[in-house]
Amino acid sequence: MGLLTIIRNQKRKDKEIRMLVLGLDNSGKTTIVKNMFQEDVDGISPTMGFQIQSLSYRDYTINMWDIGGQTSLRAFWSNYFDKTDVVLWVIDGVSVERVQESYQELHDKIIEQDRLVGVYLVIAINKIDLVAKSELKQLKDKVSKLLSLEEVIPERDHWNIELVSGKTGDGIEQVLQWVITREY
Ligand SMILES: Nc1nc2c(ncn2[C@@H]2O[C@H](COP(=O)(O)OP(=O)(O)OP(=O)(O)O)[C@@H](O)[C@H]2O)c(=O)[nH]1
Ligand SMILES: [Mg+2]
């Protein structure tokens with residue numbers, strides 16, 4: 001292998017991003033990931049373990065780890081933490097009664113984990129196809145206030161909140177765009 005090839009390969013390797021897709025069961029993680037791959041988003045079953053898929057996006061390869069969110073599976077999340085660059089935390093935007101549970105799990109299982117210090121965090125408020133357009137801003141404000149990320153993650157460029165729909169694909173481009181414009 002020539003030197004140029006080695007350098008080129010190294011560069012390509014450097015552009016790999018490891019992203020964990022986490023959040024409560026039924027929040028829509030698998031649906032969002034399938035949408036990113038332009039796969040059929042109907043008839044998806046709960047994820048019992050995990051699935052890895054690599055997405056080529058612009059110059060990057062995003063290795064996405066879609067992990068089951070059921071209560072019994074959450075104890076295993078930490079098995080996947082090593083070398084993580086980004087956590088995509090998915091919240092069901094229409095399941096108001098579970099937003100508090102989501103907040104609690106985000107805190108306990110992600111933000112307070114020493115092994116995830118410095119990792120970028122993107123929150124996807126999902127299922128916005130079920131929310132009236134006129135209520136979207138209010139929804140985002142409400143979730144942002146509840147999460148109060150500016151208090152726990154002082155670096156403002158380390159977290160972001162987007163409104164998305166895994167069904168229609170709305171907002172997903174913005175999530176990916178944000179992810180690839182971080183510093184790795
Ligand atoms: N209307 C609507 N439904 C959605 C959306 N995203 C997911 N769903 C539905 O929500 C349910 C759960 O979706 P999944 O993608 O399986 O959720 P998950 O977070 O992967 O769940 P676990 O694998 O159990 O952790 C399914 O019935 C999806 O069709 C969305 O953007 N809009
Ligand atoms: Mg799933």
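Indexing begins at 1, ligand by ligand and atom by atom, following the structure's order.
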Problem set entry | Close residues, ligand 1: non-hydrogen atom nearer than 4.0 Å | L24, D25, N26, S27, G28, K29, T30, T31, I44, P46, T47, G68, G69, N126, K127, D129, L130, S165, G166, K167
Problem set entry | Reference residue F50; test ring-ring contact (aromatic ring centres under 6.0 Å, His included); the match among Y80, W77, F76 | Y80
Problem set entry | Count of N, O or S atoms belonging to protein, less than 2.8 Å from the Mg ion (ligand 2) | 2
Problem set entry | Lys/Arg-Asp/Glu bridge criterion (N-O < 4.0 Å) met for D141, K137 | yes
Problem set entry | Contacts of Q70 that satisfy side chain to side chain contact (heavy atoms under 4.5 Å, CB included) - sequence neighbours left out | D25, P46, M48, S72, L73
Problem set entry | Residue pair E162, Q177: steps toward the side-chain contact (heavy atoms from CB on, under 4.5 Å) verdict | CA-CA 11 Å; E162 296 282 358; Q177 191 58 36; over 6 Å; no
For this session: Take L106 and L121, measure what side-chain contact (heavy atoms from CB on, under 4.5 Å) needs, and give me the verdict at the end.
Result: CA-CA 10 Å; L106 172 64; L121 174 65; 4.1 Å; yes
For this session: Using the test side chain to side chain donor-acceptor pair (under 3.5 Å), find all partners of D42 that sit at least two apart in sequence or belong to another chain.
Result: K167
Exercise. Is there side-chain contact between Q104 and S102, with heavy atoms separated by less than 4.5 Å?
Worked result: no
Problem set entry | Test log, rule salt bridge (Lys or Arg N to Asp or Glu O under 4.0 Å), inputs D92 and K127 | CA-CA 6 Å; D92 182 338; K127 309 196 186 181; 3.0 Å; yes
Exercise. How about Y57 and E173: does a side-chain donor come under 3.5 Å of a side-chain acceptor?
Worked result: yes
